[in-house]
**Student:** 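The structure follows.
Owing to the predicted nature of the structure, the values given are computational and were not obtained by experimental measurement. Counting starts at 1 for both ligands and their atoms, in listed order.
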Amino acid sequence: MLHTFRFLLLTVIIGSLFLNTLCDFSEKRQDFTFFNSPETKNLIYFDNAATTQKPHIVIQSLVDFYEHYCANIHRGDYELSRHATEQFEQARIKVARFVNAQKEEIIFTKGSTDGINFIASTWAMTELKDGDEILVTELEHNSNILPWLQVSKKTGAVVKIIPVLPQGELDMKELEHLLTTKTKLVALTHCSNAIGMVTDLSDIIARAHAKGARVLIDAAQSAPCRMVDVQELNPDFLVFSGHKLCGPTGIGVLYIKKELTGTLIPYQWGGGMVDIVHDFEHVELNDVPEKFEAGTPAIAQAIALGAAIDYVSTLDKELIKNHLANLCSRMIDGLENIGHVRILGSTEQLKKNGHVVSFIVENLPTEIVSKYLDQHGICVRTNKHCAHLLAHRLGYDSSIRASFYIYNTIEEVDLFINTLREFMNTQYAALAGQVKRTSIDRAHHLWGDVS
Ligand code: PMP
C-alpha cells in the first residue's frame with residue numbers, strides 16, 4: 001500500500017516536472033496579428049531581445065486611447081481627462097505590482113536607456129566626485145556604459161570594469177578586488193542581451209551594499225523573461241523597456257528605491273511637476289513620481305504597457321523561463337550537430353535559463369549567414385548587439401543571435417536548424433575560404449576554446 005502511494009506520488013511529481021519543462025505557449029500566437037497576417041505569418045521571428053511582437057490587446061489599448069479618451073492627464077477638469085489620468089495611474093500600479101514595488105517608486109521613462117541616463121544625470125552627477133568609482137561589467141549593453149563615461153568626464157569618478165570569464169560568467173574574483181569602499185555605484189545587467197548569460201544578482205547586490213555602494217540593475221532582458229522582484233533583489237535603481245515585454249516603443253520603467261526618491265533632483269524640468277509657484281524663483285514641486293515626469297508623458301504607451309503587463313502576467317513567469325530555456329536547449333543541441341559552429345556563453349547555463357543563443361560560424365562573416373536565413377524567412381540579429389566590450393573580450397567581430405519569446409515554438413527552432421544545416425551543406429565549403437583571419441582565431445588566441 002505504502003509502495004503504491006509512493007509510486008503514485010513520484011509519478012505526479014515527475015509528471016508535473018515534465019509538464020513544467022515541456023510548457024508550450026503556441027496557442028498564444030493567435031493573440032498576435034503579426035503571426036496571423038499574410039505578409040508575416042510565415043516568418044520565424046527570432047529577434048525578441050531587440051523587440052517583441054505586440055498582442056492585439058496592446059495594439060487595441062493604443063487605439064482605444066486615441067479613439068475614445070484622448071486627453072492630457074493630471075490637469076484636465078473634465079471627465080475625459082480624469083479617465084485618461086486614471087488609466088495612466090492604473091498602468092503605474094500594474095508596473096509596480098509586476099516588479100513588487102510601490103507605485104511611488106515607479107517612474108515612466110522612454111526606455112532602459114532613458115532610465116539609466118536619468119540616474120547618471122541626477123543621482124550620479126550630484127553624488128559622485130573625483131576619485132569615486134563606478135563598477136560596470138563586460139556584459140553590459142552600451143546603454144549601461146556610455147552614460148557612466150559621461151559621468152566620469154564631468155565628475156572625475158573612475159569607471160572600472162568587471163571582466164567576464166571565457167564562457168561569459170562574471171569573474172567573481174575580480175569583482176572581489178574591484179569592489180572597495182571607493183565604489184559608489186555598481187551598474188550591471190541582469191541578463192546579457194548579446195549572449196544570454198544571466199547573472200546571479202543577490203550576492204553582488206549584498207556585497208555592493210556592504211561597501212556602501214548603490215546598485216543599478218539593467219533588467220531590459222530579464223524583466224520580460226523571468227521573475228524580477230525588487231523587494232527580493234534589493235537594488236537601488238532598476239530599469240527596463242516596455243517594447244521588449246510585448247508593450248509599445250517609447251515607454252520604459254525606472255524603479256527608484258523609496259528612500260532615495262526624496263533626495264534626488266529631477267532629470268528634466270517643466271510642466272506637470274510643479275505644485276505651487278510662490279514667485280519666479282521659488283517653486284514647490286509635486287510629490288514623486290510626478291516630480292520626475294516633466295512634460296506630457298507617453299500616455300497611450302504607458303497605458304498600453306499596462307495592457308502588456310496584464311497579458312504577460314496571465315502566464316506563470318517560471319513557465320515562461322522554462323519555455324525559453326527549452327527553446328535554447330533545442331537550438332544548442334541542433335547547433336552542436338552542425339560543424340564549424342561555435343556557441344557563445346555557457347551552454348549548460350543557457351539550457352537552464354537562457355532566452356538567447358548567440359553563435360559564430362567559423363571562417364565566415366555572419367552577414368552571409370543572416371542573409372541566407374532572411375531569404376528563408378528567418379529574422380535574426382548579427383553584429384555586436386551594442387555590447388562592444390563583450391565582443392572584444394570574447395574576441396568576435398559579429399555573432400548571429402537568435403532570441404526567443406513566449407510565442408516561439410520548438411518547430412521554429414527545428415526549421416531554423418534545418419535551414420542552417422542546408423546552408424552549411426550547400427554553401428559553406430565554397431564561401432568559407434574567402435575569409436582569412438577569423439573571429440574564432442582571435443577568440444582562441446584570447447581564451448583557448450570559447451565554446
Ligand atoms: N540594456 C539591455 C541589456 C538591452 O538589451 C537594451 C536593448 N537592446 C538596452 C539596455 C537599451 O534598451 P532601449 O533601447 O529600450 O532603451
**Student:** With salt bridge (charged side-chain N to carboxylate O under 4.0 Å, His left out) as the criterion, how do R330 and D333 come out once you've worked through the C-alpha distance, each side chain's angles and the decisive distance to 0.1 Å?
**Tutor:** CA-CA 5 Å; R330 185 77 155 212; D333 288 345; over 6 Å; no
**Student:** May I ask you to decide if the ring planes of F98 and F240 are parallel, tilted or perpendicular, using 30° and 60° as cut-offs?
**Tutor:** tilted
**Student:** About how many Å separate CG of L327 and CG of L350, when rounded to the nearest 0.5 Å?
**Tutor:** 12.5 Å
**Student:** In this structure, is the centre-to-centre distance between the rings of F34 and Y407 below 6.0 Å?
**Tutor:** no
**Student:** What does the 4.0 Å heavy-atom contact list look like for ligand 1?
**Tutor:** G111, S112, T113, H141, S143, T189, N193, D218, A220, Q221, S241, H243, K244
**Student:** With a 6.0 Å cut-off on the ring centroids, do Y255 and F237 count as close?
**Tutor:** no
**Student:** According to the interplanar angle, ranging from 0 to 90°, do the rings of F118 and F292 count as parallel (below 30°), tilted (30 to 60°) or perpendicular (above 60°)?
**Tutor:** perpendicular
